[in-house]
Amino acid sequence: MTEGTISAAPEGNDTLTRLEQEGEIAADYLEGLLDIADLDGDIDMDVEADRAAVSIISDAAGGDLQKLVGRDGEVLEALQELTRLAVHRETGDRSRLMLDIAGFRAKKRTELAELGAKAADEVKSTGEPVKLSPMTPFERKVVHDAVAAAGLRSESEGEEPERFVVVLPA
């Protein structure tokens, strides 16, 4: 055996274990954050599309958790980056973890999928490209997936933070 070579479990199982570990680290970090902020919330962990997914949910109306979402999800985006950094600090690996708070991302994903489908329908009927408003990388990904599901293609154009999706004819 060559020095530095390690016999490992099958890659799929290894990836799942790594993503579950990311979720655990993120959950611990977020539990500490909730304690410091004196906010109530339950942490839910999952693995979706080859990335760890962590959600903070509340039995209450969720008004307190809205503080962690912020206007248009700005605070949520910042907390996601901080959580990714906490995971990176523990594992040494870059994390693609997705954080959702009070169902904000789930609702946004549904709205964006509908937007992508409507834009695809418009392109199909007019034959002309459709340019959408600037979006975050998460938002663009959801729209690209919806457009692909409709059988069309799309591209991102522009520079951050003004990067946007263009839906193109087939």
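The structure presented is a predicted model; accordingly, all values stated were derived computationally and were not measured.
Expressed to the nearest 0.5 Å, how far CD of Glu155 lies from NZ of Lys131 amounts to 11.0 Å. Note that OG of Ser154 and CG of Leu168 are 7.0 Å apart. Values are rounded to the nearest 0.5 Å. Between the CG atom of Leu97 and the CG atom of Leu85 there is a distance of 11.0 Å, given to the nearest 0.5 Å. In this structure, the separation between CG on Asp64 and CD1 on Ile56 is 12.0 Å, given to the nearest 0.5 Å.
The two residues Val75 and Gly70 make their nearest non-hydrogen contact at CG2-CA, 3.7 Å.
Using a 4.0 Å cut-off between a side-chain N of Lys or Arg and a carboxylate O of Asp or Glu, Arg140 and Glu160 qualify as a salt bridge. We find that Glu111 and Arg109 are not joined by a salt bridge, their nearest charged nitrogen and carboxylate oxygen being 4.0 Å or further apart. Glu157 and Arg163 are not joined by a salt bridge, as no carboxylate oxygen comes within less than 4.0 angstrom of a charged side-chain nitrogen.
Residues Leu65 and Leu34 are in side-chain contact: their nearest non-hydrogen atoms beyond the backbone lie under 4.5 Å apart.
Partners of Ala120 by side chain to side chain contact (heavy atoms under 4.5 Å, CB included), not counting sequence neighbours, listed by chain and number: Ala150, Leu152.
The side-chain hydrogen bond (donor to acceptor under 3.5 Å, both in side chains) contacts involving residues 21-50 comprise Arg18-Glu22, Glu22-Ser95, where partners must be two or more places apart or lie in separate chains.
A cation-pi arrangement is present between Arg105 and Phe138 under the rule of less than 6.0 angstrom and at most 45 degrees off the ring axis.
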